[in-house]
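Scroll down for the structure; my scribbles are underneath it.
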Number of protein chains: 2
Amino acid sequence: MSLTGVPTGTEYVRRQNTGLVLRALRAHGPATRTELARRTGLAKATVGTIVAELEAARAVTQDDDSVSSGRGRPGRPVALTGESILGLGLEVNVDYVAAVALDLGGNVRVVETRPVATAGTPPSTEELIELATDVRTALMADGHTVVGATVAVPGLVAHDNRTVSWAPNLGWDGRHLAAELEEAFGADCPTTIDNDANCAALAEAAHGVTTDVSHSLYITGTIGIGAGIVQDGRLVRGGAGFAGEVGHMPIGNPSRVCGCGRMGCWEASVGLRAMLSTVGIDEEDTPLQTALAVADLAARDASTRAALATLGHELGTGLATLAAVLDPAAIVLGGYFVPLGAYVVPAAGQVLAERLPSASIHLPQIRLSSLGIHAAALGAAEDALADVYAGTLAL
Amino acid sequence: MSLTGVPTGTEYVRRQNTGLVLRALRAHGPATRTELARRTGLAKATVGTIVAELEAARAVTQDDDSVSSGRGRPGRPVALTGESILGLGLEVNVDYVAAVALDLGGNVRVVETRPVATAGTPPSTEELIELATDVRTALMADGHTVVGATVAVPGLVAHDNRTVSWAPNLGWDGRHLAAELEEAFGADCPTTIDNDANCAALAEAAHGVTTDVSHSLYITGTIGIGAGIVQDGRLVRGGAGFAGEVGHMPIGNPSRVCGCGRMGCWEASVGLRAMLSTVGIDEEDTPLQTALAVADLAARDASTRAALATLGHELGTGLATLAAVLDPAAIVLGGYFVPLGAYVVPAAGQVLAERLPSASIHLPQIRLSSLGIHAAALGAAEDALADVYAGTLAL
DNA sequence: TTGACTTAATTCAAGAGTCGTACTAAACCT
DNA sequence: AGGTTTAGTACGACTCTTGAATTAAGTCAA
């Protein structure tokens, strides 16, 4: 309990209220100044000056067509513009690097994916930096301003959100990735790093299936299992930034050997490899293709369906544990679970309901991710814009 | 992602900075205005006006003895006073109700415990209200101001922090406890409710063994097992307020029958009853007395020590799971674990270390609670003062 | 077509805060 | 007794929000 907080001045108030206006525009769409005053609780005069400032910063634009609501002077709505301020989201994975640019209106402006240069080896830092700088320079050439970048990494990210602590699939121990990217960008483009599950959780909360709740849990499902935890709209990161490393929880079949060498890890029961070995299918190029092949088989074969139900049972056991600890309103399954949802979710949901700590506790809903392959990159872009919506960033 | 936040004015800035000054005084003790300016980063003039305001509100007092540091005009330090502003913490348990009054300086002014009126039955709401009003009127007669009250309840508390959702040990389903207490207090004394594990976690973070970290996990150990989760100095409460209900996680010996009727709940392996049945001792009046008796036996008997080590192993399995999810810097064991720490912690720590998701992750320290029986009530009192330190409360 | 009406947006002065500078206060040192 | 040094205050400049007054821009009805 050391001293926390910084001295606050009146400019802080302006920033706070600017963020409020931006969030009001994002949450409920374009609106006149008067309507914004109603939404935010600010005085009309205040909204007026804030909107003027945002207009000068090219964050919002005046809609030309004035909207009349019957009587009186018609209002001139302002809308978040996609032309100026963008957040850049980057994603590194074992077989590709990807970039997503998101504008203030919540629209995806750019999506670019590049497969790894030499197949079989993970991408190098250079490949990521090249993609990032390419996309950024292209955007700037079009007159956009990239206010920040965030990289989603499959691995442990230190609490400073600037250093990769451990990414065994990439072989990137302890890299100062954020600093390297900032240097490559040259100019002012603050860059942070985050875990891919965290980013995906943010993406679902902002654009996916958990926009309606503020406490959610995202489960990645590939070879490893990870979690992104959202509580009160904010990510739970843990003391050192390593929260959500749920793949190696001692849950599920205790006799299964995990890739980490231990026995009984959760991902040894519900990870992709475990699923394949119970179903008896070979791995394809990507987790998603593999899952689709399994889904195909399950549609025809009852024993495959039974195996997937068993896996769903183990999945539910872990979800019940997580739900007891975190009490999420919704749990989102991502990765390979998405194509197999029909076969896995019922069993998981049943275990979840059975193991609820008390009947008074609302059963968390299990939902399937809707964002597809670029969830993490999208969440990273959202994160890059977070400072803008928070009002922290001077525009 | 709905619209969050409220309009902010300049008075908000004052409140924020007032909280900053109060926290600076709490964290590092009495100080002159100049020293406070240095600690907080505020201008000397600002500190001057804030201190004057706090003095008028009788929150701080001028130390009479001016402290000279060699040259120059000596400073006149101000200190948080214990005479005026107090937080009232209340605790309900199966066999007693307790009250703790805490002043701004962090000193406990009053501790009062009342055993349940009719032995064998849990306390009634009336007994709690009587204790609360008695203590409060006595404090007010002495000229103190009670700025708020918080009740620690062994059970589920709804997210509004005003309603008990489920307290099977008390038989208090759905009570509007906060409203009842506020009515009994009559005047202005905002009252909230919180889970006892949450309160104890707060107490340890403010006055116990986790003052040095901002991410911690508190485990209660009585008949049931609960957890209080602190992340970034704030409690993690979950979507409906039910986070930390870890007693019924499916962890540990799956063949053990839990009091809830299910199999394999964690508390069926590490709860007090489970411990007693493995050790072969009868329950005494309170969990603590029971634990002391067991500790006594363990000091002499090797098989008891072995049984406790086994229990420690199951404890460690659950802690490893929790650590993987939450990444706390420290884990605090409370309740009956405290007297048995020497026999239980080594085994638990070993499992925790073995099951760490990655070698890159810092091993959470296992610590024993230092606050004794009144941890929850103390944490409740701390919670009642939280608004003051946050600067939210007008004094 | 014109004037009343209604609603949107801006202007303006008042009030609340912080901050840096200048100034006063209170000790010690020589 | 006067100089030096540090603590605390007074004051004007600046920022920000707010409510009231004012201006702007439509509809509606006669």
Side-chain angles (χ1 to χ4, degrees), chain A residues 5-21 24-25 30-56 60-79 391-392 394-395, chain B residues 5-21 24-25 30-56 60-79 391-392 394-395:
Chain A
V6 291
T8 302
T10 50
E11 340 73 62
Y12 174 81
V13 172
R14 167 57 58 89
R15 280 219 268 263
Q16 205 72 12
N17 288 334
T18 303
L20 196 60
V21 169
L25 281 171
T32 65
R33 291 155 181 78
T34 306
E35 164 67 9
L36 280 174
R38 204 192 52 72
R39 285 186 195 169
T40 58
L42 292 165
K44 282 197 302 177
T46 310
V47 173
T49 58
I50 289 176
V51 165
E53 223 174 51
L54 288 173
E55 233 178 319
V60 303
T61 46
Q62 196 87 240
D63 269 14
D64 283 339
D65 28 314
S66 53
V67 167
S68 138
S69 66
R71 278 188 302 281
R73 170 179 170 178
R76 303 198 334 276
V78 294
T392 319
L395 295 175
Chain B
V6 292
T8 301
T10 52
E11 340 74 62
Y12 174 82
V13 172
R14 167 57 59 91
R15 281 220 267 265
Q16 206 72 11
N17 288 334
T18 303
L20 195 61
V21 169
L25 281 170
T32 65
R33 291 156 181 76
T34 306
E35 165 67 9
L36 280 174
R38 205 192 51 73
R39 285 187 195 168
T40 58
L42 293 164
K44 281 198 303 177
T46 309
V47 173
T49 58
I50 288 176
V51 165
E53 225 173 49
L54 288 174
E55 233 177 320
V60 302
T61 47
Q62 196 87 241
D63 270 14
D64 282 340
D65 29 313
S66 53
V67 167
S68 138
S69 65
R71 278 186 300 280
R73 169 178 170 176
R76 302 196 337 273
V78 292
T392 319
L395 295 176

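Naming convention: chains lettered A, B, ... in sequence-line order (proteins, then strands); numbering from 1 in each chain. Below, each value reflects all heavy atoms present in this structure, side chains not excepted, and no hydrogens, waters or symmetry copies.
Across the interface with DNA chain D, nearest-nucleotide mapping of B:Thr49 and B:Thr8 shows B:Thr49 to be the residue nearer the 5′ end. In terms of position along DNA chain C, the nucleotide closest to A:Glu35 lies nearer the 5' end than the nucleotide closest to the other residue of the pair B:Glu53 and A:Glu35.
In this structure, of C:dA8, D:dT18, D:dT5, it is D:dT18 that holds the atom nearest to the side chain of A:Ala45. Listed candidates were C:dA9, D:dA7, D:dA25. Nearest to the side chain of A:Thr32 is C:dA9. Here the nucleotide nearest the side chain of B:Thr10, chosen from D:dC16, C:dA9, C:dT7, is D:dC16. For B:Lys44, taking side-chain heavy atoms from C-beta onward, the closest of the listed nucleotides D:dT9, D:dT18, C:dG20 is D:dT9. For B:Arg33, the listed nucleotide lying nearest its side chain is D:dT9; candidates were D:dT9, D:dA7, D:dT18. Of the listed nucleotides (D:dT5, C:dA9, D:dG8), D:dT5 has the atom at the smallest distance from the side chain of B:Arg71. Nearest to the side chain of B:Glu11, among C:dA8, C:dA16, C:dC12, sits C:dA16. Between D:dT17, C:dT18, D:dA25, one nucleotide has an atom nearer to the side chain of A:Pro74 than all others, and that is D:dA25. Residue A:Arg73 places its side chain closer to C:dA8 than to any other of C:dT24, D:dC16, C:dA8.
B:Thr61 is not listed as a side-chain neighbour of B:Glu55, based on a closest heavy-atom distance of 4.5 Å or more.
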Kindly determine whether B:Glu35 and B:Arg38 satisfy salt bridge (charged side-chain N to carboxylate O under 4.0 Å, His left out), including the steps that lead there. CA-CA 5 Å; B:Glu35 165 67 9; B:Arg38 205 192 51 73; 3.0 Å; yes
side-chain contact (heavy atoms from CB on, under 4.5 Å) for B:Thr18 and B:Leu54? Distances and angles first, verdict last. CA-CA 8 Å; B:Thr18 303; B:Leu54 288 174; 3.7 Å; yes
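Between A:Arg15 and A:Gly391, the shortest heavy-atom distance links the atoms CD-O, 2.8 Å. A:Ala24 and A:Arg39 get closest at one heavy-atom pair: O-NH1, 3.0 Å.
Atom CG in A:Asn17 sits about 17 Å away from atom P in D:dT15, given to the nearest Å. The separation between A:Arg76 atom CZ and D:dA25 atom P is 8 Å, rounded to whole Å. Between the CZ atom of A:Arg14 and the C1' atom of C:dT18 there is a distance of 16 Å, rounded to whole Å. For the pair A:Leu20 CG and D:dT17 P, the interatomic distance rounds to 11 Å; values are reported in whole Å. Rounded to a whole Å, the CG atom of A:Leu42 is 15 Å from the P atom of C:dA9. Between B:Arg15 atom CZ and D:dT17 atom P there is a gap of 16 Å when expressed in whole angstrom units.
If you check every strand for non-hydrogen atoms under 4.0 Å, A:Thr46 touches a base.
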